[in-house]
Structures are given as structure tokens and as C-alpha cells.
Amino acid sequence: MTHVNTAAAERRERILRAAVHQGLLAPDRADLAAFLDLDGVAASVTALHEAFPDPPGVLHTFAAKANCLVPVLRELRTLGMGCEVAGAGELAQALAAGFAPDRIVFDSPAKTRSELARALELGVAVNADNFQELDRIDEILALRPSASRIGVRVNPQVGGGDIAETSTATATSKFGIALDDEGSRRRLLDAYRARPWLTWVHAHVGSQGCPLELIAEGIARAVAFADEVGPTHGRRQVRGVDVGGGLPVNFGDDETVPGFDAYVRCVRSRVPRLFGGRYRLVTEFGRSLLAKNGFTAARVEYTKTSGGRPVAITHAGAQVAARTVFTPSSWPLRISAHGPDGSRRAGEPVPQDIAGPCCFAGDLLARARPLPLLAPGDIVCLLDTGAYYASTPFHYNSLPDPAVHGVRVDAHGGITFEPLRRAETLEDVLARTGG
Ligand SMILES: *Cc1c(COP(=O)(O)O)cnc(C)c1O
């Protein structure tokens with residue numbers, strides 16, 4: 001484990017030094033930038049594919065909200081992934097990245113009529129969230145047939161994990177059709193029987209903070225429901241189960257635990273028949289594919305002490321790490337300290353506050369974090385931020401979105417960067433603020 005940690009830390013340090021050397025992190029010009037290790041992404045996708053036995057017809061989709069940058073989606077497509085989207089914006093991004101419509105899955109609790117019509121016209125798979133949405137789909141299909149695979153998101157009501165905001169299968173969750181509410185299962189079974197085109201069942205139990213056993217239990221209940229639909233007109237109606245995503249990520253060190261193999265072992269032991277070839281499968285992982293392959297680097301602009309505690313004011317705060325800043329106990333991040341050239345800082349750890357640039361007191365990435373004492377011009381790296389961080393900005397104080405760079409390391413250790421998103425200019429900021 002130490003070995004894993006050392007290798008990963010050394011790789012990041014080499015990438016950071018190269019980034020400084022190549023001017024991607026330059027004081028006053030580029031004080032904040034995010035990096036995504038594309039070799040690491042490829043390895044994560046391979047681990048996902050290898051973890052699943054290969055019954056024909058497993059479609060692994062990437063949840064676009066975890067990192068919606070079009071070049072990232074394009075990279076994932078070339079690695080063999082499909083794409084899960086939740087809205088017209090993400091659908092446009094997926095199409096721009098070149099995903100074939102039948103490799104896109106559209107989930108959202110608030111699909112508009114026109115979004116539904118477009119998805120059904122394109123042949124994008126759709127998971128309906130509620131009974132009213134099914135009525136809308138009826139109306140659209142009455143006008144023209146669709147090649148889309150259509151399912152319903154069920155809420156297996158297995159309860160929540162450690163983080164309420166990312167637990168989607170609680171008794172009162174806003175998502176899907178609650179299976180155990182009075183009369184609900186009966187009504188849903190009737191809805192399936194009345195609609196022979198409803199051929200999929202979808203469940204996404206939750207994301208970070210949900211233990212594997214909870215996810216497996218949710219999937220088991222969704223599969224039991226699929227079995228319950230039974231055959232209509234002599235053939236099995238439900239052809240596939242979309243099991244969602246949600247494999248939790250270890251933000252504590254560089255180990256990738258649990259892995260996709262542990263996920264499959266856990267689900268398989270709880271629901272063996274899911275892998276028996278009876279159902280086609282879709283998965284929708286986001287965070288677990290990307291989080292550990294990214295980091296965000298920020299310059300330290302100033303340092304001082306306040307109430308006796310050292311404070312480093314950096315250029316990374318709520319604008320790139322909203323969840324960490326607003327709910328630090330649920331979303332703590334590791335931070336590494338580097339000198340101006342990117343080399344790791346040595347020195348006695350001193351408890352320091354690592355602050356961001358936003359004008360509110362709580363804009364802290366870490367409180368009293370023991371790190372070598374930082375100085376102006378140093379760099380801090382927020383680790384494991386490849387998903388749901390720089391790609392999901394928060395536009396407080398009109399701070400511009402930073403550049404995101406893809407990174408590849410060749411067999412000789414040569415490091416190349418490629419743009420995944422350029423930094424916003426002041427013109428961009430004005431444009432999005434009505435200027
Ligand atoms: C967010 C989401 C996912 C991905 O969750 P991760 O925790 O990033 O794996 C998958 N499916 C649905 C419906 C989602 O909302």
C-alpha cells in the first residue's frame with residue numbers, strides 16, 4: 001500500500017513539475033489548473049470491463065455529470081464506454097463526443113416533453129422517473145414509434161448511506177417509483193403490462209457513502225421486480241436491468257478500494273441470476289472511473305496567521321470544490337504541498353488552514369491541516385478531484401473556470417498535456433453574466 005501511495009505521489013509530482021515547466025501553472029497567469037491522467041482513466045475503464053464477466057450485452061455507460069467535458073467524454077467513448085445523461089445539455093455533450101444514440105441512456109427526474117420527444121426520436125435509451133412521465137411517453141409514441149430502450153427507474157427503498165445528499169434509495173427519495181409504498185408496486189406492474197415497450201428496469205441506489213451491500217440489496221429488489229413483471233403475450237417482457245452507478249471512492253489514500261471486482265463479487269453473491277444471461281445489463285459509473293485520476297493545482301498567493309493559526313490563501317476554493325467547502329465532513333480532500341517548481345515540499349507538518357479566494361469566511365479547503373509550512377508562490381494540490389470538481393464549477397465571485405489538462409506519460413516517462421478545457425477569459429465571464 002505504501003508502495004502504491006509512493007508511486008502515485010511520484011507520478012503526480014512529475015506531472016506537476018512538467019506542468020510548471022511548460023507554463024501551465026504560471027504565477028499571475030495560470031494560478032489554478034486541473035489535470036486528468038488519461039492513462040489512469042484508461043486503466044480504470046479496463047478494470048471496469050474486466051470485473052464484469054462478459055455476458056453479451058453489458059453496456060457500461062459513464063455518468064456525464066461526473067465530468068461533462070466533451071473531450072473527456074470522447075476519450076471514454078474511444079475506450080468503449082457509453083454515456084448516461086440527465087438533461088438536454090449533457091445529451092448535447094454526449095452527441096458532440098460522438099456517442100451513438102443507442103449507447104446513451106437518458107435519466108433525469110425532470111425530463112421535459114421536448115427532451116423526451118428528442119431522445120425517443122434519436123433512439124436514446126430512456127428511464128422514466130414517474131407515472132406522469134410514462135403518460136407523456138405514451139403520447140409521444142402514439143405519434144411515432146421509437147427504437148429507444150425504455151425502462152422505469154424504481155426506488156427500492158433500501159435506505160441511505162453515510163451522505164444523505166447522495167443517497168437516492170431512501171424511503172422518501174425524490175427519484176423513481178417507490179416500490180414499497182402502498183399500492184405502488186401493483187400500479188407499476190399494471191403500467192408494465194399495459195405497455196409492452198417497457199422492457200427495462202433501472203435502479204441507482206446512491207453514490208459516495210453507500211456501502212456495497214446496500215447497493216447490492218437495491219439491485220436485488222430491482223431484479224425481483226423485473227422478475228415479477230413476468231411474461232406478456234408469451235415472451236419475457238423485461239429484457240434488461242440498468243443497475244446505476246455509485247461505487248464509492250476512497251478519498252483517504254492512493255489505494256483504489258473497493259474496486260469494480262469487489263462490486264461485482266458483492267452484487268453477484270446477492271443476486272447471482274443478474275449474471276446468468278437472463279437480463280442484459282447497463283451500468284452507470286461516474287466518480288469511481290475518474291476521481292482518483294485527477295488533481296487540481298493552485299498557487300498560494302499569500303500566507304499569514306490569524307488567531308495564531310497559519311492560513312494559506314490559495315486560488316482554489318468553493319468555485320472548484322463546492323462540496324468540500326460546504327460539507328467538509330462528507331467530502332474531505334487530501335492536499336499535498338509543493339514548492340514553486342512543483343517539487344514536493346519537505347518540512348515539519350504545521351497545522352494550517354488552506355483557504356480559497358472566495359469572499360466568504362467558510363471558503364476553506366481544509367482546517368488546521370498538518371502540512372509543511374506554505375509560502376507565497378508554493379502550490380497546493382487537491383487530490384482525487386477527477387470527478388465532480390473542476391468540471392462542476394460554482395460561479396461565486398465571478399471567478400473564471402480554470403483550464404483542465406489531459407495528461408499522458410509515455411514509456412520513457414515523457415509527459416504530454418492536451419487541452420480538455422481552456423481557462424475562461426474575462427470575456428467569457430462577461431458573456432455568461434449578461435455583459
Ligand atoms: C450520478 C448518477 C450516477 C453516477 O454516480 P457515481 O456515484 O458518480 O458513480 C449514475 N446514475 C444516475 C442515475 C446518477 O444520477
Side-chain angles (χ1 to χ4, degrees), residues 36 41 44-45 47-48 51-52 59-69 72-73 76 81-87 89-91 93-94 103-111 119 124-130 133 149 151-156 160-170 173-177 200-212 214-216 218-219 222 240-251 256 258-260 262-264 266-267 281-294 323 330-331 384-389 391-392:
L36 189 64
V41 172
S44 300
V45 171
L48 170 62
F52 279 73
L59 172 62
H60 294 293
T61 68
F62 172 71
K65 71 174 180 287
N67 191 324
C68 60
L69 304 182
V72 172
L73 299 181
L76 287 160
M81 298 291 299
C83 192
E84 186 265 353
V85 302
E90 288 179 358
L91 177 56
Q93 289 160 339
R103 295 179 65 80
I104 300 174
V105 178
F106 186 19
D107 299 327
S108 156
K111 304 178 198 78
V124 164
V126 171
N127 288 315
D129 179 80
N130 55 64
E133 189 181 336
R149 302 184 302 277
V152 170
R153 177 167 183 171
V154 298
N155 174 5
D162 296 339
I163 306 176
E165 292 76 13
T166 54
S167 297
T168 50
T170 58
S173 168
K174 75 171 185 178
F175 291 108
I177 293 179
W200 280 71
V201 170
H202 174 224
H204 170 64
V205 171
S207 294
Q208 189 65 16
C210 289
L212 290 183
L214 187 77
I215 294 174
I219 294 170
V241 179
D242 177 339
V243 298
L247 181 67
V249 165
N250 163 29
F251 286 93
T256 299
F260 292 110
Y263 171 93
V264 170
C266 183
V267 175
L281 272 180
V282 165
T283 72
E284 307 171 336
F285 292 103
R287 183 178 290 105
S288 49
L289 285 165
L290 256 59
K292 299 199 82 64
N293 295 310
R323 279 182 168 163
S330 295
W331 302 99
D384 309 320
T385 54
Y388 299 98
Y389 279 89
S391 59
T392 314

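As the structure lists them, so they are numbered: ligands from 1, and atoms in each ligand from 1. Just so we're clear, the structure is a prediction, and the values are computed from it rather than from any experiment.
With T170 contributing its side chain and G160 its backbone, the two residues share no donor-acceptor pair below 3.5 Å. No donor-acceptor pair closer than 3.5 Å links the side chain of S207 to the backbone N or O of G246. Distance alone, capped at 3.5 Å, places no donor-acceptor pair between the T61 side chain and the G82 backbone. Side-chain N or O atoms of N127 include none that pairs as donor or acceptor with a backbone N or O of V105 at under 3.5 Å. Distance alone, capped at 3.5 Å, is enough to place a donor-acceptor pair between the S173 side chain and the F175 backbone. For the pair R153 (side chain) and H204 (backbone), a donor-acceptor distance under 3.5 Å is present.
The nearest heavy-atom contact from the protein to atom 15 (O) of ligand 1 is K65 NZ, 2.8 Å. The protein heavy atom nearest to atom 5 (O) of ligand 1 is S207 OG, 3.3 Å.
Within the 4.0 Å heavy-atom cutoff, S288 does not count among the residues contacting ligand 1.
When non-hydrogen atoms are compared, ligand 1 lies under 4.0 Å from the backbone of E284 as well as from its side chain. Using a 4.0 Å cut-off between heavy atoms, Y388 contacts ligand 1 through its side chain alone, with no backbone atom that close. Of all the heavy atoms of A63, the ones lying under 4.0 Å from any atom of ligand 1 belong exclusively to the side chain.
Inclusion of G246 in the set of residues having an N or O under 3.5 Å from an N or O of ligand 1 is warranted.
Counting the atoms of ligand 1 from 1 in the order shown, those under 4.0 Å from a heavy atom of D107 are 13 (C). Shown in contact with R287 at under 4.0 Å from a heavy atom are these atoms of ligand 1, numbered in order with element: 6 (P), 7 (O), 8 (O), 9 (O). Of all atoms in ligand 1, numbered sequentially from 1 with element shown, those under 4.0 Å from a heavy atom of R153 are 13 (C). Contact atoms of ligand 1 toward F285: 9 (O) (distance under 4.0 Å to a heavy atom of the residue).
Taking the six-membered ring where tryptophan is involved, the planes of W331 and F251 are perpendicular, since the angle between them exceeds 60° and thus also 30°.
At a threshold of 4.0 Å, the pair K65-E90 does not count as salt-bridged, since none of the basic side-chain nitrogens sits closer than that to a carboxylate oxygen.
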